[in-house]
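Let me begin by presenting the structure, written as structure tokens, before commenting on it.
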Number of protein chains: 2
Amino acid sequence: MDPIGFSSHDHAGCIAGNLARIEARCKQAKLQLTPVRRRVLEILLQDHRALGAYDILDRLRDEGLGSQPPVAYRALDFLVKHGFAHKIERMNAFVACAHPGEDHAPAFLICRKCDMVVEAQTEPARGQLGSSAKLAGFLIERAVVEAEGVCLNCAEGPQS
Amino acid sequence: MDPIGFSSHDHAGCIAGNLARIEARCKQAKLQLTPVRRRVLEILLQDHRALGAYDILDRLRDEGLGSQPPVAYRALDFLVKHGFAHKIERMNAFVACAHPGEDHAPAFLICRKCDMVVEAQTEPARGQLGSSAKLAGFLIERAVVEAEGVCLNCAEGPQS
DNA sequence: ATGCATTTGTTATATCATAACGTTAATCGT
DNA sequence: ACGATTAACGTTATGATATAACAAATGCAT
Ligand SMILES: [Zn+2]
Ligand SMILES: [Zn+2]
Ligand SMILES: [Zn+2]
Ligand SMILES: [Zn+2]
């Protein structure tokens, strides 16, 4: 709910906090946060933007952590599967989760000027969509919700 | 709002009606509904499912209407641009619009068992997402809303 | 130490999408 | 009707995204 990302915040703490929370959760759930997986997570946490798998792969290659697509995709699969990252379908790109571990249905606000991504919450089965679903006898299991628009910072700027 | 697609309906009329409405709109707006574009539209209208660009291209090729990817993508671009079809981002696939011409913000209910797609309406700026956006000073311009779940027909069946 | 499951490295390939360019066809002002 | 302009098409080539498959290495419980 808190619109981190567009607003300025203690981002170093933001990164460290999420990383620590995820490490704890992996330990607790006996998940292997291996070097590649951890590094991909760090790269995604670096800024509140979505990165393509091949962008990530480039970084990994530079650091000697892997050079072939499956390396990046496997790490991303792990992170997404366990809710530590999300895929932005419109962009074929990935973003670190802003509420790791909290069991949530993510929705995204994506600025088309600065590419910043903010994670918000949604309740897929509620609202108009929920009504339509009910009417159709459709059981919603999950939903992709990705809003595109302009963030506060970019709206203020002189550029159109 | 009406959950056509899962429920049985006069589908021949459904196709004919949408096609007629779109033809009229093209005439009125001086848009060229060329043979390829029209055929792609017909293929999409055939059933309330999403088709990949290459599935459509295969059909076109069989009918001698074009054999290379740009043929399909250009027709789809036209249809999407003018609101006669929509892209389902999660599936990299396309579906005919259920409310052509009506100027609407589409949302989709997608059955993971039978692949049926129902188009519903959404008001992106309302509800929880709207609240989050307002809080963040974010201006929503459009939104991808794609719910996955199980439709009435598939829920009733014996198969899990 | 042994056996089993998970992860990694690598090659190859599948799938989705567009750039570029010359040709053809529709549109429009004259 | 005519030529200029714009829009659509056919084709080749390539780019971008994603996965299959399998052998080697590692982690982990007994
Ligand atoms: Zn931050
Ligand atoms: Zn999240
Ligand atoms: Zn129908
Ligand atoms: Zn529609």
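We name chains A, B, ... by the order of the sequence lines, and we start the count at 1 in each one.
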Just checking A:Tyr54: base, sugar-phosphate only, or nothing, at a heavy-atom cut-off of under 4.0 Å?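 Counting heavy atoms under 4.0 Å across all strands, the contact made by A:Tyr54 includes a base.
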What contact category does A:Lys87 fall into here, base, sugar-phosphate, or nothing, at under 4.0 angstrom with non-hydrogen atoms?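 Answer is sugar-phosphate: A:Lys87 comes under 4.0 Å of backbone atoms only.
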For B:Glu63, enumerate each residue passing the salt bridge (Lys or Arg N to Asp or Glu O under 4.0 Å) test, keeping only those at least two apart in sequence or located in another chain.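 B:Glu63: salt bridge (Lys or Arg N to Asp or Glu O under 4.0 Å) contacts with B:Arg39.
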Walk along DNA chain C from 5' to 3' and tell me the first and last nucleotide with an atom closer than 4.0 Å to a non-hydrogen atom of chain B.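 Counting from the 5' end, contacts occupy C:dC16 to C:dA26.
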Rounded to whole Å, please give me the gap between [atom1] in [X] and [atom2] in [N].
| X | N | atom1 | atom2 | result |
| --- | --- | --- | --- | --- |
| A:Glu89 | D:dA18 | CD | C1' | 12 Å |
| A:Ile56 | D:dA16 | CD1 | P | 16 Å |
| B:His82 | D:dA7 | NE2 | P | 11 Å |
| A:Gln32 | D:dA29 | CD | C1' | 13 Å |
| A:Arg90 | D:dT17 | CZ | C1' | 16 Å |
| A:Asp55 | D:dA18 | CG | C1' | 15 Å |

Taking only residues at least two apart or on different chains, which pairs with a member in residues 125-139 of chain A satisfy salt bridge (Lys or Arg N to Asp or Glu O under 4.0 Å)?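 Residue pairs with at least one partner in residues 125-139 of chain A: A:Glu123-A:Arg126.
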Per the salt bridge (Lys or Arg N to Asp or Glu O under 4.0 Å) rule, what does the pair list look like for residues 79-95 of chain A, sequence neighbours excluded?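 Listed by first then second residue: A:Arg90-A:Glu148.
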Taking the side chain as everything from C-beta on, heavy atoms only, tell me whether A:His48 gets closer than 4.5 Å to A:Val118.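 The answer is no, as the side chains (C-beta and beyond) never meet within the 4.5 Å cut-off.
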Looking at every non-hydrogen atom in both residues, tell me the closest pair between B:Ala136 and A:Leu152 and how far apart they are.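 The answer is O-CB, 3.9 Å.
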Under the side-chain contact (heavy atoms from CB on, under 4.5 Å) rule, collect the residues that match up with [X], sequence neighbours excluded.
| X | value |
| --- | --- |
| A:Gln32 | A:Thr34, A:Arg37 |
| A:Arg61 | A:Leu57, A:Asp58, A:Ser67 |
| B:Ala20 | none |
| A:Ala85 | A:Leu44, A:Leu79, A:Val80 |

Specify the angle, to 10°, made by the local axes at the two ends of the helix from C:dA1-D:dT30 to C:dT30-D:dA1 when five pairs are taken at each end.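 The angle, to the nearest 10 degrees, is 40°.
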Does a nitrogen or oxygen in the side chain of A:Asn92 sit under 4.0 Å from OP1 or OP2 of D:dA18?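 The answer is yes; a side-chain N or O of A:Asn92 sits under 4.0 Å from OP1 or OP2.
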Considering only heavy atoms, which members of residues 65-75 of chain A lie under 4.0 Å from some atom of DNA chain D?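 Output list: A:Pro69, A:Pro70, A:Tyr73, A:Arg74.
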Contacts of type side-chain hydrogen bond (donor to acceptor under 3.5 Å, both in side chains), residue B:Gln68, not counting sequence neighbours: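 B:Gln68 satisfies side-chain hydrogen bond (donor to acceptor under 3.5 Å, both in side chains) with no residue once adjacent residues are dropped.
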Using heavy atoms to find the nearest nucleotide of DNA chain C for B:Ala53 and A:Arg37 separately, return the residue whose nucleotide is more 5′.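 It is A:Arg37 whose nearest nucleotide is closer to the 5' end.
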Does anything in residues 70-79 of chain B form a side-chain hydrogen bond (donor to acceptor under 3.5 Å, both in side chains)? List the pairs, not counting sequence neighbours.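 Sorted pair list comes back empty.
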